Q: 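Take a look at the following structure, please.
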Amino acid sequence: MKAGIHPDYVEVLFHDVSNDFKFVTRSTIKTRETMEFEGKTYPLVKIEVSSESHPFYTGKHKIVDTAGRVDKFRKKFGAVGSKTQVADAG
């Protein structure tokens, strides 16, 4: 390999903010934030979805809606055409 042309490949902490799940893996991503995890400080990357919160892996359908669009749609159309069940919000 040619020296000096590859990015730094370091351990990075990924934080799934939807369920507060954290995991460490290696990446070349550059971040401004850091966080201490298990006694060590890592660069921090915040993500919305990981394998711990994605419906494909959990088997639960979870809707994240901040603007109330889903409730408005359900009031207008009900459950017509819905093939999934909504997981408990708690």
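Note that the structure is a prediction, hence the values are computed from the model and not measured. Along the sequence shown, the residues carry numbers beginning at 1.
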Q: Out of curiosity, does I29 fall in the hydrophobic cluster containing F21 (side-chain heavy atoms, cut-off under 4.5 Å, transitive links)?
A: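 Hydrophobic grouping puts F21 with I29.
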
Q: Is it true that a side-chain atom of D8 and a backbone atom of V10 form a donor plus acceptor pair closer than 3.5 Å?
A: no

Q: If you define the side chain from C-beta out and look only at heavy atoms, does anything of L13 sit under 4.5 Å from L44?
A: yes

Q: Which heavy-atom pair separates T31 from P43 by the least distance, and what is that distance?
A: OG1-CB, 3.2 Å

Q: Check D20 against K22 and note the closest heavy-atom contact, atom names and distance.
A: OD1-NZ, 3.5 Å

Q: Between E38 and V24, is any pair of side-chain heavy atoms under 4.5 Å apart?
A: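 Answer no - side chains too far apart.
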
Q: Can you give me the closest heavy-atom contact between H6 and K2, atom names plus distance?
A: CD2-O, 3.3 Å

Q: Quick one: CZ on F14 to CD1 on I47, what's the gap to the nearest 0.5 Å?
A: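 The distance works out to 6.5 Å.
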
Q: Decide yes or no for D16 and V49: does some side-chain heavy atom of the first lie under 4.5 Å from some side-chain heavy atom of the second?
A: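 Not in contact.
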
Q: Might you point out which heavy atoms bring Y42 and F37 nearest each other, and give the distance in Å?
A: CE1-O, 3.4 Å

Q: Is there side-chain contact between T41 and M35, with at least one heavy-atom pair below 4.5 Å?
A: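 No, side chains not in contact.
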
Q: Suppose we screen for side-chain hydrogen bond (donor to acceptor under 3.5 Å, both in side chains). Which residues come up paired with K40, at least two apart in sequence or across chains?
A: E11

Q: So do the side chains of F23 and S50 get within less than 4.5 Å of each other, counting heavy atoms only?
A: yes

